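The residues of the chain are indexed from 1 along the displayed sequence. Just so it is clear, the values below take in all heavy atoms, side chains as well, and ignore hydrogens, waters and symmetry mates. Please read these numbers as outputs of a predicted model, since none were measured by experiment.
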Amino acid sequence: MIHRTVLEWNTLPYGSGQAEIPRDIAERLVTVAENSAMPGALQYQRHSLRACGMVGMIVAPGAELEILPKIDMPKQHGAQAVSSIRRRLVHMLAVVLDINVADGDIAHLGLQEETLLEVLIRLFSRWLSEAVKPGLPRRYVEQTDDLPALRGRLDVTRQFSILAVSPQKLACRYDEMACDTPLNQIMKAAVERLLRLSRAADNQRRLRELAFVYADVSPVAVSALRWDHVVLDRTTTRWKTPLKLARLLMGQRFQTTSGGVTQGFSLLFEMNVLFEKYIACRLRTALAGTGLHAAAQKGRRYALYTPEKKGVFQTIPDILIKRDNAIVQIVDTKWKRLARQSDDSKQGVSQADIYQMMAYARIYDCPRLTLLYPHHEGLGVDSVCNTHYIATPSGPDVLEIATIDISDNASLLYNLRELCTEGTG
């Protein structure tokens, strides 16, 4: 099995060289990627594969490819940097999915030796092992059986039709505590699937133990699992995190392919979307106590109206910063590398993005706009925040082009708070 880790937008060479993967392996990886829920993760080039804007895992027969986000880790290189990037990605996923995983827990995972998939499986199996210690959740399930003595209540219709010739038996309907609940069936399906996929000995051992715990739960196909029937109350709150991880590891992002000669699976995340959701979640925490609050994917006002007053071209800004009901700032996140202003006065910002933000200013009557990018070493040590006046040399409406360093969780909340509170009054 060939194992490779590559950063997004970097390349993985293929060919017959010692450092290259065989061409047929490259073809299998591309086939699995293109048959995933998010095609386009890999781009075929003349002598290499290029990772394009998505992160996660692609596994094909004979090869396992891990794609990590391009996050600069100050003063770290090689395996240490890769381990730190993997840790940041797990942290971002935990924040976005509202999974209560402390930084200390992430630090103790085998992030240097294991891939993203094995790390997520380890998290799932640990949380599930803790959840099952008091026993599996059970509920009363109605049973029907023909018994020599009455149990529960008599099924009169069945008794005087089908059992009319067998008076020695009674058609009984009764409730019995059973573990065949939608929640248990989901957990059993997750354990069985991950046991087939995991290659780490520790994960396999824990998953086998969990498979034994769920031995009495009836198996249900993944496509038939009843996610919408799961209700968590005060007696089952310990299942909240295992359920979210199970949904992540068995949901739409995680796809198994078995077409033609290529079989495999993929677990992919679009970094544009992940970055936007992560910043929105962190802003909610950062702005606590400031009188401001962040609303993600809200607004939904129309750019145009017909004479019949029908709205067309609906707009959905990434993040609205509000004071009560008043919009005081609009933040649009961009998972792109910003250029130095000294090298390019436009800093590599798309003209379409500028036009879009100017439209937001008019539609939402908002005087302060921010395009937010991830910080990288090429911009220097300090985060960027360059202010531009819109349409006139002196404002009052402004558009900021700013960066945020996501490599350091300790300073992230402070910097986000500063970004949104400066000048808001």
Side-chain angles (χ1 to χ4, degrees), residues 55-57 86-111 114-139 179-198 200 202-214 217 220 222 225-254 267-269 273-274 277-282 284-285 288 296 409 412-413:
V55 298
M57 295 292 303
R86 193 177 292 122
R87 181 180 294 113
R88 295 306 300 161
L89 178 56
V90 172
H91 170 78
M92 291 175 74
L93 289 170
V95 168
V96 167
L97 296 170
D98 191 24
I99 296 173
N100 186 22
V101 182
D103 288 341
D105 295 333
I106 296 176
H108 286 93
L109 295 171
L111 289 165
E114 296 182 350
T115 64
L116 173 66
L117 176 61
E118 294 293 354
V119 170
L120 293 175
I121 292 175
R122 185 178 297 277
L123 279 173
F124 170 76
S125 60
R126 281 186 181 181
W127 276 94
L128 186 56
S129 295
E130 287 298 314
V132 301
K133 281 183 179 178
L136 298 182
R138 296 171 181 268
R139 71 174 185 182
C179 59
D180 268 335
T181 65
L183 176 60
N184 288 335
Q185 289 166 349
I186 288 169
M187 294 301 154
K188 180 185 178 78
V191 167
E192 291 179 343
R193 168 179 271 197
L194 298 178
L195 190 53
R196 293 193 297 269
L197 298 177
S198 177
D202 233 21
N203 283 345
Q204 289 179 342
R205 176 186 57 77
R206 189 177 279 110
L207 289 169
R208 280 195 292 268
E209 293 171 356
L210 289 167
F212 179 77
V213 172
Y214 284 94
V217 177
V220 176
V222 173
L225 292 173
R226 297 171 294 171
W227 296 89
D228 56 332
H229 286 206
V230 176
V231 178
L232 299 181
D233 55 28
R234 60 181 180 81
T235 65
T236 54
T237 52
R238 67 184 187 275
W239 299 92
K240 180 181 176 182
T241 295
L243 183 63
K244 287 183 177 180
L245 285 167
R247 190 182 293 275
L248 171 69
L249 289 167
M250 298 174 64
Q252 187 180 14
R253 292 189 185 90
F254 199 159
L267 175 64
L268 296 168
F269 307 91
V273 176
L274 182 59
K277 291 183 177 180
Y278 177 67
I279 293 299
C281 291
R282 295 284 80 186
R284 293 189 188 104
T285 303
N409 192 47
L412 178 67
L413 294 177

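Residues Leu412 and Tyr278 form a side-chain contact, since some pair of their non-hydrogen atoms from C-beta on lies under 4.5 Å apart. Contact check for Phe124 versus Thr241: no side-chain heavy atoms found under the 4.5 Å cut-off. In this structure the side chain of Lys188 never reaches within 4.5 angstrom of the side chain of Val220, judged on heavy atoms. The shortest side-chain heavy-atom distance between Leu249 and Leu117 falls under the 4.5 Å cut-off.
A distance of 5.0 Å separates NE2 in His91 from CZ in Arg282, rounded to the nearest 0.5 Å. Between Trp227 atom CH2 and Leu183 atom CG the span is 9.5 Å, to the nearest 0.5 Å. Leu128 contributes atom CG, which lies 9.5 Å from atom CG of Leu245 (distance to the nearest 0.5 angstrom). To the nearest 0.5 Å, atoms CD1 (Ile121) and OG1 (Thr115) are separated by 7.5 Å. Here the CZ atom belonging to Arg247 is positioned 10.5 Å from the CG atom belonging to Leu225, to the nearest 0.5 angstrom. Separating the CG atom in Leu274 from the CG atom in Leu97 is a distance of 8.5 Å, to the nearest 0.5 Å.
When all heavy atoms of Glu114 and Ala200 are compared, the pair lying nearest together is OE2-CB, 4.0 Å. Looking at every heavy atom in both residues, Leu136 comes nearest to Val217 through CD1-CG2, 4.1 Å. Heavy-atom minimum distance, Leu248 versus Leu267: O-CD1, 3.9 Å. Contact record, Met250 with Ala189: CE-CB, 3.8 Å, taken as the closest heavy-atom pair. Residues Ala211 and Val191 come closest through the heavy atom pair N-CG1, 3.8 Å. Contact detail for Cys281 and Val95: the closest heavy-atom pair is CB-CG1, 3.6 Å.
Shown here is Lys240, whose NZ atom has no more than 12 heavy atoms of other residues, nucleotides or ligands within 6.0 Å.
In this structure, Arg122 does not pair ionically with Glu118, as no charged nitrogen and carboxylate oxygen lie closer than 4.0 Å. Between Glu209 and Arg205 there is a salt bridge, since a side-chain N of the basic residue sits under 4.0 Å from a carboxylate O of the acidic one.
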Problem set entry | Met187 vs Trp239, side-chain contact (heavy atoms from CB on, under 4.5 Å): CA-CA, chis, key distance, verdict | CA-CA 10 Å; Met187 294 301 154; Trp239 299 92; 4.3 Å; yes

For this session: Kindly determine whether Leu116 and Val55 satisfy side-chain contact (heavy atoms from CB on, under 4.5 Å), including the steps that lead there.
Result: CA-CA 10 Å; Leu116 173 66; Val55 298; 5.9 Å; no

Exercise. Can Arg238 and Glu130 be said to form a side-chain contact (heavy atoms from CB on, under 4.5 Å), step by step?
Worked result: CA-CA 8 Å; Arg238 67 184 187 275; Glu130 287 298 314; over 6 Å; no

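Here the side chain of Asn184 pairs no donor or acceptor atom with the backbone of Tyr214 at under 3.5 angstrom.
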